[in-house]
Amino acid sequence: MAQNQDNLHAMRHSLAHIMATAVTRLWPGVKLGVGPVVEHGFYYDIDAGDVTISEDDFEKIEAEMQNIIKEGKQFVRSTKPIDEAIAWAQESGQPYKEELLNDLKRAGTTVAKDLDADELGTITDGDSALDEVSFYTNGDFADLCRGPHVESTNKVGAFKLMRIAGAYWRGNEKNAQMQRLYGVAFDSPKELRKHLEMLEEAKKRDHRKLGQELDLFLFSDLVGSGLPMFTPRGTVLREELSRYSNELRERSGFEKVWTPNITKKELYEASGHWSKFGDELFLVKSQESSDDFVLKPMNCPHHTRIFAFQPKSYRDLPVRYLETTTDYRDEKSGELGGLNRVRALTQDDSHVFCREDQIEQEMDGLLAAAGDLYKTVDMNLKVRLSYRDASDGYLGDESLWNKAQSQLKAAVLKNGLDYFEEEGEAAFYGPKIDFMATDAIGREHQVATVQLDFVQPERFELEYVGEDGSVQRPIMIHCALLGSIERFLSVYIEHTAGKFPVWVAPEQVRIITVNQEDETVAFADSVAAQAKELGLRVTIDNANESVGKKIRNAEVMKVPYTLVLGEKEIESGEVTPRVRKDIEVQPSHAHQKVEDFLRSVSNEAKSRTTKSSL
RNA sequence: GCCACCUUAGCUCAGUUGGUUAGAGCAUCUGUUUUGUAAACAGAGGGUCGUCGGUUCGAAUCCGACAGGUGGCUCCA
């Protein structure tokens, strides 16, 4: 298995090399960046000068790649001293390679390790010292590369070029933008086909498609991009989820607060957000006063004002505030996408103000709440410890940072969470524990987050009176369980493929009438009334259509339970519920009394289970 | 914001190299039908082909700008 993995890796690496060969043959003089292996395939960054490569060119590039593969040239590995390599880069007109090599020479091993493996890592020569780098040559084309490669160009399996994208040289938007050509590659055509089919399947559960089909949310050009609106059905999802999220915290002492949607910009100058995010705030102009207002982009500064409203004693702590509220951020246009990234986002936000000795207990409570929520929605999340990096975009004393980071790690370890650590992912005021969910095509998105903050209490001069009468500074713990409701929905809709469990389903029971006789309609009405009495979301389909058609409509809308009501049901007072296929049903009698059916559905909803007790 | 691509009816999509009144299925409405567990039948309405500008005797089709979207990059409190 490991053997196969290694081979697949070498194959993908070789394909990146072959693609670079092909592009160089087709457009002589292109300048090459880096060409690493990624999940499912590979890419290569290319600067083609004035030439624009587009997806229409894929056929041509793939054909040339096939030629190279047919030639079956050996990949020959060689090494050069770094100065010779630099000379080679200069001679062959490869300024990007030259830059990398110069950095390698200058940086030495220590720094090279810190750099992204996709960049410098690809050209370092494994464990050996950096005074030498490796090359792979196939025929007349040589490329700087760590490898490994397969032995010759005809041993590369099945591949397909997928798309082309812009990518800044070395990930910095101040640098030149190169063209990144992506391909996928597998051992066999069969596996490639399987992968492409999987992508087709994933498209069917795309939250944007399901949002349309299941009548959940919409965008309007008149309202603006990144500003979703929710239909009655979509609003049920939002409210059921945020209610649950709130319950989980109210249980452990959180109290709801309310803050306005606009505020003077001075609030964010105080918090530090203005200087960091000023250009992403929506400005609001008052016609009555000279104040500059902004739409609030987050809630912590407001919550510090509520905390500071009355003097606090150590006995008052922890103080726990909870607010589900919509924030506004003027994201750059290219960063918006479906519900995942919007300009009006609703956070199920909360803040704890506590003493240092209370951090552990508070963190435990929040991590447990996150665990409960994600167990209920049946999602497995990766936990990311998001630390600061060496850049200067962070506020606060470095020793406080170190302490906060180790406290977060301790909490994660104590709670037995699987985690990974990543530098440069922290908020500017503190490190975070981020819960990462995966969408239908495998992209990761942050949902829940727990953050430790020593900075804002400082900047807002928050205090409480300690046991000995001295003035103390509280610590803030930020937490959102869903994160942004919109983003959560984007992954949750894809996770469930729109087959929502009963407790969140916008429509829990659909009643279908067999005919439009008065008696039938009256019976349907009475069943619906009973269902509503039990707090169920129920609709009646009394359309003049065939029963088959109406069943189909209920199926298409993924309604969990459907009742067909006609003469038989009126006579017996019993129903035979049609259960959505994904719902686990414990073996039980197929038909049952109306009251029994409705009561058990109602119990399922209350207990937020995914199993049916019918 | 940057790179590539996309935009035809409410939805999904046809529309041949620029050439009459731009088509289909579903949905909607009307009529017939009163229906038993995934699509009854018939008819009708619905589009200045994303917007604006240009080329042309003639533009859904070619060119440009803008808007919206998709996939990436950058960013993400």
Side-chain angles (χ1 to χ4, degrees), chain A residues 43 45 47-48 52-58 162-182 203 206 208-209 212-213 215 218-222 224-226 268 271-274 276-281 296-301 327 329 331-338 340-342 345 347 349 386 393 395 425-430 432 434 441 443 445-446 449 451 453 455-456 478 480 483-484 487 512-517 520 542-556 562-569 576-579 581:
Chain A
Y43 69 76
D45 283 349
D47 178 352
T52 297
I53 301 174
S54 89
E55 282 167 30
D56 297 337
D57 296 315
F58 279 179
M162 297 299 282
R163 66 182 80 91
I164 197 150
Y168 298 105
W169 170 236
R170 303 182 82 174
N172 185 337
E173 68 179 317
K174 292 190 178 67
N175 288 343
Q177 190 159 43
M178 310 185 74
Q179 296 207 291
R180 179 169 295 178
L181 277 60
Y182 282 95
K203 266 192 210 157
D206 186 310
R208 290 162 298 206
K209 184 171 152 70
Q212 169 79 44
E213 289 171 1
D215 186 20
L218 60 137
F219 292 89
S220 158
D221 284 359
L222 284 176
S225 72
Y268 301 117
S271 68
H273 289 93
W274 182 262
K276 175 123 175 129
F277 296 112
D279 54 348
E280 285 162 54
L281 300 188
K296 71 171 172 183
M298 99 296 298
N299 318 300
C300 20
D327 296 337
R329 298 177 182 177
E331 307 279 5
K332 292 179 192 166
S333 56
E335 288 158 356
L336 302 170
N340 184 52
R341 194 83 176 269
V342 292
L345 58 132
Q347 298 202 64
D349 206 0
S386 301
L395 298 183
E425 291 292 338
F428 72 86
Y429 50 73
K432 312 187 284 173
D434 292 321
I441 60 171
R443 295 175 296 197
H445 308 282
Q446 180 200 308
T449 181
Q451 314 173 355
D453 180 1
V455 169
Q456 293 195 66
H478 307 239
S484 120
R487 175 178 295 177
I512 289 174
T513 54
V514 170
N515 55 46
Q516 282 72 57
E517 308 293 340
T520 317
N542 186 39
N544 180 7
E545 294 283 356
S546 68
V547 170
K549 175 68 162 288
K550 293 200 274 188
I551 291 279
R552 180 182 150 79
N553 288 342
E555 289 279 348
V556 166
T562 305
L563 296 178
V564 177
L565 301 185
E567 230 173 295
K568 283 189 287 188
E569 288 74 20
T576 310
R578 188 181 164 96
V579 183
K581 288 187 184 63

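Chain naming here is simple, since letters A, B, ... match the order of the sequence lines and numbering starts at 1 in each. Remember, it's a predicted structure, so these values are computed and weren't measured experimentally.
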TODO: May I ask you to check whether over 12 heavy atoms, not counting those of E55(A), lie within 6.0 Å of atom CD?
DONE: yes

Task: Criterion salt bridge (charged side-chain N to carboxylate O under 4.0 Å, His left out) against D206(A), the qualifying member of K209(A), R208(A), K203(A) - done: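 Option passing the salt bridge (charged side-chain N to carboxylate O under 4.0 Å, His left out) with D206(A): R208(A).
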
Task: Under 4.0 Å protein heavy-atom contact, by nucleotide of nucleotides 3-16 of chain B - B base, S sugar-phosphate only - done: BSS-----S-----

Once you round it to whole Å, what is the distance between [atom2] of [N] and [atom1] of [X]?
{"X": "D327(A)", "N": "rC76(B)", "atom1": "CG", "atom2": "C1'", "value": "13 Å"}
{"X": "Q516(A)", "N": "rA40(B)", "atom1": "CD", "atom2": "P", "value": "13 Å"}
{"X": "I551(A)", "N": "rG36(B)", "atom1": "CD1", "atom2": "P", "value": "11 Å"}
{"X": "L563(A)", "N": "rU37(B)", "atom1": "CG", "atom2": "P", "value": "15 Å"}
{"X": "L336(A)", "N": "rA67(B)", "atom1": "CG", "atom2": "P", "value": "13 Å"}
{"X": "E173(A)", "N": "rU74(B)", "atom1": "CD", "atom2": "P", "value": "9 Å"}
{"X": "I441(A)", "N": "rG71(B)", "atom1": "CD1", "atom2": "C1'", "value": "8 Å"}
{"X": "N515(A)", "N": "rU34(B)", "atom1": "CG", "atom2": "P", "value": "10 Å"}

Of all the nucleotides listed ([options]), which has the minimum atom distance to the side chain of [X]?
{"X": "R487(A)", "options": "rC76(B), rG72(B), rU37(B)", "value": "rC76(B)"}
{"X": "R163(A)", "options": "rU37(B), rA77(B), rG72(B)", "value": "rG72(B)"}
{"X": "V514(A)", "options": "rG36(B), rA77(B), rA38(B)", "value": "rG36(B)"}
{"X": "E569(A)", "options": "rG68(B), rG36(B), rA38(B)", "value": "rG36(B)"}
{"X": "D221(A)", "options": "rA77(B), rG1(B), rG68(B)", "value": "rG68(B)"}
{"X": "V564(A)", "options": "rU74(B), rU37(B), rA77(B)", "value": "rU37(B)"}

Is any N or O donor-acceptor pair between the side chain of [X] and the base of [N] shorter than 3.5 Å?
{"X": "R180(A)", "N": "rC73(B)", "result": "no"}
{"X": "E335(A)", "N": "rU74(B)", "result": "yes"}
{"X": "R341(A)", "N": "rC75(B)", "result": "yes"}
{"X": "E331(A)", "N": "rG1(B)", "result": "no"}
{"X": "Y43(A)", "N": "rG72(B)", "result": "no"}

Hey, what do you get for [atom1] ([X]) to [atom2] ([Y]), rounding to the nearest 0.5 Å?
{"X": "N340(A)", "Y": "L345(A)", "atom1": "CG", "atom2": "CG", "answer": "11.0 Å"}
{"X": "I512(A)", "Y": "T562(A)", "atom1": "CD1", "atom2": "OG1", "answer": "5.5 Å"}
{"X": "S271(A)", "Y": "K276(A)", "atom1": "OG", "atom2": "NZ", "answer": "12.5 Å"}
{"X": "T52(A)", "Y": "I164(A)", "atom1": "OG1", "atom2": "CD1", "answer": "9.0 Å"}
{"X": "N515(A)", "Y": "E567(A)", "atom1": "CG", "atom2": "CD", "answer": "8.0 Å"}

Task: pi-stack flag for F277(A) and rA77(B), centroid dist under 5.5 Å, interplanar under 30° - done: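 It does: the ring sits over the base of rA77(B).
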
[X] (side chain) donor-acceptor with [Y] (main chain) under 3.5 angstrom:
{"X": "R180(A)", "Y": "Y43(A)", "answer": "no"}
{"X": "Q516(A)", "Y": "N542(A)", "answer": "yes"}
{"X": "E331(A)", "Y": "E280(A)", "answer": "no"}
{"X": "K432(A)", "Y": "A427(A)", "answer": "no"}

TODO: Indicate the atoms forming the closest heavy-atom contact of V564(A) with V547(A), along with that distance.
DONE: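 That would be CG1-CG1, 4.2 Å.
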
Classify [X] by what it touches in the nucleic acid, base, sugar-phosphate, or nothing, heavy-atom distance under 4.0 Å.
{"X": "K568(A)", "value": "base"}
{"X": "G338(A)", "value": "sugar-phosphate"}
{"X": "G548(A)", "value": "sugar-phosphate"}
{"X": "E517(A)", "value": "sugar-phosphate"}

Task: Per-nucleotide pairing state of RNA chain B [Watson-Crick or G-U, under 3.5 Å; [ ] pseudoknot-crossing; | other strand] - done: (((((((..((((.....[...)))).(((((.......))))).....(((((..]....))))))))))))....

On a whole-Å scale, what distance lies between the [atom1] atoms belonging to [N] and [M]?
{"N": "rA60(B)", "M": "rG50(B)", "atom1": "P", "result": "10 Å"}
{"N": "rC63(B)", "M": "rC5(B)", "atom1": "P", "result": "11 Å"}
{"N": "rC6(B)", "M": "rA40(B)", "atom1": "C1'", "result": "39 Å"}
{"N": "rA38(B)", "M": "rC11(B)", "atom1": "P", "result": "29 Å"}
{"N": "rU61(B)", "M": "rG1(B)", "atom1": "C1'", "result": "32 Å"}

Check whether any side-chain heavy atom of [X] sits under 4.5 Å from a side-chain heavy atom of [Y], and report yes or no.
{"X": "V556(A)", "Y": "E213(A)", "answer": "no"}
{"X": "R578(A)", "Y": "E555(A)", "answer": "yes"}
{"X": "Y429(A)", "Y": "Q451(A)", "answer": "yes"}
{"X": "M298(A)", "Y": "H478(A)", "answer": "no"}

- [ ] Find which nucleotide of RNA chain B each of F428(A) and S225(A) is nearest to by heavy atoms, and output the residue with the more 5' nucleotide.
- [x]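 Between the two, 5'-proximity favours S225(A).
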
Task: First of E567(A) and Y182(A) reached from the 5' end of RNA chain B, by closest nucleotide - done: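 The residue mapped nearer the 5' terminus is E567(A).
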
Does the side chain of [X] get closer than 4.0 angstrom to OP1 or OP2 of [N] through an N or O atom?
{"X": "R578(A)", "N": "rA38(B)", "value": "yes"}
{"X": "R443(A)", "N": "rG72(B)", "value": "yes"}
{"X": "K432(A)", "N": "rA77(B)", "value": "yes"}
{"X": "S546(A)", "N": "rA39(B)", "value": "no"}

Anything under 3.5 Å between a protein N or O and an N or O of nucleotides 60-62 of chain B, put it in a table, one pair a line.
none

TODO: Just jot down the side-chain hydrogen bond (donor to acceptor under 3.5 Å, both in side chains) partners of E425(A), sequence neighbours excluded, or say none.
DONE: R384(A)

Below 3.5 Å is the cut-off: list the nitrogen or oxygen pairs between protein and nucleotides 27-29 of chain B, distance only.
| unit_1 | atom_1 | unit_2 | atom_2 | d |
| --- | --- | --- | --- | --- |
| rA27(B) | OP1 | K549(A) | NZ | 3.2 |

Task: Qualifying residues under ring pair (Phe, Tyr, Trp, His ring centres under 6.0 Å), relative to H273(A), sequence neighbours excluded - done: F428(A)

